[in-house]
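Here's the structure we're looking at; comments come further down.
Counting convention: from 1, in listed order, for ligands and their atoms alike.
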Amino acid sequence: MPTTTDTALLDIAGLTKRYAGVTALDEVDLSVKAGEIHILIGENGAGKSTLVKCLAGIERPDGGTMTFGGEPHRPAAAADALRAGIQVVHQELALLPALSVAENLFLQRLPRRLGLVDRGAMRRRARQLLEQVGLEVSPDTPVERLGIAQMQLVEIAKALSGDCRLLVMDEPTATLTPRETATLFTQLRRLTAEGVAVIYISHHLEEIFEIGDRLTVLRNGRGVHTGPVAELTPAELVRMMVGRDLDAEYPPVADRPVGDHLLRVTDLKVTPDAPPVSLSVRSGEVVGVAGLVGSGRTETMRAIFGADRPAAGTVEVRGRPVRITHPRDAVRHGISFLTEDRKAQGLVLDLPIAANMSLAAIDQVSRLGLLSHGAETAAARDLSERLHVRATGPHQKVRALSGGNQQKVVLARWLAADTDLLIVDEPTRGIDVGARYEIHQLLLSLADSGKGVLVVSSDLPELLGICDRILVFSKGRIAGEIARPDFDAERVLNLAYSGYLKNGISA
Ligand SMILES: Nc1ncnc2c1ncn2[C@@H]1O[C@H](COP(=O)(O)OP(=O)(O)OP(=O)(O)O)[C@@H](O)[C@H]1O
Ligand SMILES: [Mg+2]
C-alpha cells in the first residue's frame, strides 16, 4: 500500500478558467495526498487538460487558489511549476524531433562536468531511464525516427528523470500496448511508495480501477465527485461522467447481409523480404485487424491505401484490378483511411470545425458542384451532435478544442466522405466512453448501409465488440482469422504472439 498522509500535498480550491465563450473550469476543488494516485476523469472537453495546464504554469487561472506543499502555488511559467517539483506529461507530445532521445531527456538539466556537458554520463543515465520504461532504442536515436508510442515512452522517461513530488500524466497510455502500460504502472507504484503523488488522466476504465486510489470526476468544467476508486462500480462512474446510463459497452451487432468483394488484396508485400499478405473485405462487413504494435498492421493498410509503395501484390476493388500508387488513387476508388497519426492527417488547426470535417469530401463533392457552405455547416452540425463534439459551434477553430474533440473532427471528416471502404486505425484512441459508443455505432451503420469497414485496433475488446471477423497479424503475416461465432480473446492473443515464439502456439 502506498504511504498516504492525511494532509494534502496539493490543494486546489475554486479553480476557474474561462476561454472566449467557454468556461473550461468552473470552481473546481481538488486535493491530492502524497503517495496516492489520484485519477482525474471526465468526458472529452470536461476540463482535465485545462486543470493540468493551470497547475503546470501554462495557463493562468481566472479564479481560485492552489497550494502546493503548504505554499501558495501561482506559477507564472512552466519553469516555476518544475522548480516546485511538479513534473507533467502533457497530452500533446512536446519533444524536439531533431534532437536525440538522450538530449530530449535532459533538456531541462544537462549533466555537466567542469561546466561542460558530460555526454558519457548523459548516455548512461539515459539508458537507465529507457530501461525503466521498457523502451529499447539507443539514446542517440533522433526522436523524429521513433513511432508515436515510443515518443510517448520518451516523454514518460523524461518525467521520471527529475526529482519530483507530484507527477501529472495526461493520457499517457493512449498509444501504449498493455505490456508498456504494465511497465509504466510498476514505475508509478515505485514512485508512490517513495511518497510521490500522481495525478493520472485516462479514458480507460480498467486502468483506472487497476491503478487509482482516489478519483475526481469532472463534468462540463465542474467537479462532480471525489472519493476512493474502490467505492464505485464502472457503471456508476460512467453515469457520473456522461450524466446518463450507457446500457451496454458496445452497440448490438445485427446480422447483416454480406455482399460482393469490395476489396481483395493478394500476396501484398510491404517490402521485398516481407511475407505476402492476402485479405478481403465484402460489402456489409466490419473486419478487425489485431496484432501487436509493429506486427505489420499499419504498414499493410498504408500500402493498400497507396501511402507507401508495396514491393509486390495485387489489389482488386469491386472485382477489378486497380493500381494504387498514391492516396489520391485510393480515394478515387472509394477507399478512405483514418491514420493512427492524427496530426499527420492534417487537421488544419486554424480552420473551423466545419471546414476540417469536409476536407476529404471536397475533392469529390466540389467537382460535382455540390459543396455549398450551408451544406457543409449542416453536415458538420449533424456529425458534431452525433459524436458529442464539445464546441461552441461548427465555426469554432479546431485549435480551441480538447484533444479528444480534435480526434472526433478527423474521424467525422472520413465518415462524411461517403466512401465504399473505410479503413480506420485506432479509431477511438483518446475518446471518452460515451463518444466511443457513438463511433462504434457509426461504423456499424456504415456496414448496415452496404459499405465495408477495416478496423485496426490495439483495443481487443473493441474488435471483439464490433467486428464480424478478426484478422490477426503476427510478425508481418496474417497468423489467423477468427469469425464472430468463434470470438475468444485468448485465441486472438495466442495468434498475435505466435510469430514471435520459437515453437509457436497453435490456436
Ligand atoms: N485555447 C482554448 N481556447 C478556447 N477554448 C479552449 C481552449 N483550450 C481548451 N478550450 C476549451 O475548454 C474546454 C476543456 O478542454 P480540455 O482540453 O481541458 O478538455 P479535456 O477534459 O482535457 O478533454 P479530452 O479528454 O478531450 O482531452 C473545452 O470545451 C475546450 O474546447
Ligand atoms: Mg485533454
> Looking at F209 and L237, what are the two nearest heavy atoms and their distance?
Replying inline: CE1-CD2, 3.9 Å
>> So which atom in V472 and which in A496 form the shortest heavy-atom distance, rounded to 0.1 Å?
In response: CG1-N, 3.4 Å
> For ligand 1, which atoms sit closer than 4.0 Å to a heavy atom of H203?
Replying inline: 25 (O)
> Considering residues at least two apart in sequence or located in another chain, which fulfil the side chain to side chain donor-acceptor pair (under 3.5 Å) criterion with Q91?
Replying inline: S49, E171
> Judged by modelled atom types alone, do H203 and N44 share a side-chain donor-acceptor pair under 3.5 Å?
Replying inline: yes
> Looking at V32 and V198, what are the two nearest heavy atoms and their distance?
Replying inline: CG1-O, 4.5 Å
>> Evaluate G430 for polar contact with ligand 1, using N/O atom pairs at a separation under 3.5 Å.
In response: no
> Would one find an N or O of Q396, backbone or side chain, under 3.5 Å from an N or O of ligand 1?
Replying inline: no
> Quick check: does S402 have an N/O/S atom under 2.8 Å of the Mg ion (ligand 2)?
Replying inline: no
>> For atom 20 (P) of ligand 1, tell me which residue out of G403, G45, G404 has the closest non-hydrogen atom.
In response: G45
>> I'd like to check which ligand 1 atoms, numbered from 1 as shown, lie under 4.0 Å from a non-hydrogen atom of E43.
In response: 21 (O)
>> Looking only at protein heavy atoms, which one is nearest to atom 1 (N) of ligand 1, and what is the separation?
In response: Y19 CE2, 3.7 Å
> Any idea which protein heavy atom is nearest atom 18 (O) of ligand 1, and the distance to it?
Replying inline: T50 OG1, 2.5 Å
> Less than 3.5 Å between some nitrogen or oxygen of L401 and one of ligand 1, yes or no?
Replying inline: no
> Any idea how H73 and F68 line up, ring-wise: parallel (<30°), tilted (30 to 60°), or perpendicular (>60°)?
Replying inline: tilted
> Would you say R219 has more than 12 foreign heavy atoms packed within less than 6.0 Å of its CZ?
Replying inline: yes
> Can you tell me the protein heavy atom closest to atom 29 (O) of ligand 1 and the distance?
Replying inline: R390 NH1, 3.4 Å
> Given that the side chain starts at C-beta and the backbone is N, CA, C, O, which of these parts of R399 lies under 4.0 Å from ligand 1, counting heavy atoms, or is it both or neither?
Replying inline: neither
> So, is N44 placed with an N/O/S atom under 2.8 Å from the Mg ion (ligand 2), counting both backbone and side chain?
Replying inline: no
> Judged by non-hydrogen atoms, does G47 sit under 4.0 Å from ligand 1?
Replying inline: yes
> Quick one: do D432 and K48 make a salt bridge, cutoff under 4.0 Å?
Replying inline: no
> Identify the closest protein heavy atom to atom 30 (C) of ligand 1: which residue and atom is it, and at what distance?
Replying inline: A400 O, 3.3 Å
> For atom CZ of R74, is the number of surrounding heavy atoms from other residues, nucleotides or ligands below 6.0 Å larger than 12?
Replying inline: no
>> So if I count the atoms of ligand 1 from 1 in the order they appear, which ones are less than 4.0 Å from some heavy atom of E171?
In response: 25 (O), 27 (O)
>> If I apply the N/O under 3.5 Å rule, does Q91 come out as touching ligand 1?
In response: yes
>> On a heavy-atom basis, which atom in R413 and which in N356 lie closest, and how many Å separate them?
In response: NE-O, 2.9 Å
> Can you give the angle Q91 OE1 - the Mg ion (ligand 2) - S49 OG, rounded to 10°?
Replying inline: 80°
> Should the proximity of V22 to ligand 1, defined as any heavy atom under 4.0 Å, be assigned to the side chain, the backbone, both, or neither?
Replying inline: side chain
> Between V492 and L460, which heavy-atom pair has the shortest distance, and what is it?
Replying inline: CG1-CD1, 3.6 Å
>> Suppose we measure from atom 17 (O) of ligand 1 to each protein heavy atom; which comes out shortest, and what is that distance?
In response: S402 CB, 3.2 Å
> Nearest protein heavy-atom contact for atom 25 (O) of ligand 1: which residue, which atom, what distance?
Replying inline: K48 NZ, 2.7 Å
>> Students should be able to answer this: which protein heavy-atom is nearest to atom 12 (O) of ligand 1, and at what distance?
In response: A24 CB, 3.3 Å
>> I'd like to know whether E43 forms a salt bridge (Lys or Arg N to Asp or Glu O under 4.0 Å) with R390, so could you lay out the CA-CA distance, the side-chain angles of the two residues, the decisive distance to 0.1 Å, and finally the verdict.
In response: CA-CA 9 Å; E43 287 182 288; R390 186 167 193 239; over 6 Å; no
> At the 4.0 Å heavy-atom cut-off, does Q407 count as touching ligand 1?
Replying inline: no
>> Is it true that, when you exclude E131 itself, more than 12 heavy atoms of the residues, nucleotides or ligands shown sit nearer than 6.0 Å to its CD?
In response: no
> Looking at R190 and E194, does any basic side-chain N land under 4.0 Å from a carboxylate oxygen?
Replying inline: yes
>> For ligand 1, which is the ligand I care about here, please tell me if E59 has any N or O atom under 3.5 Å from one of the ligand's N or O atoms.
In response: no
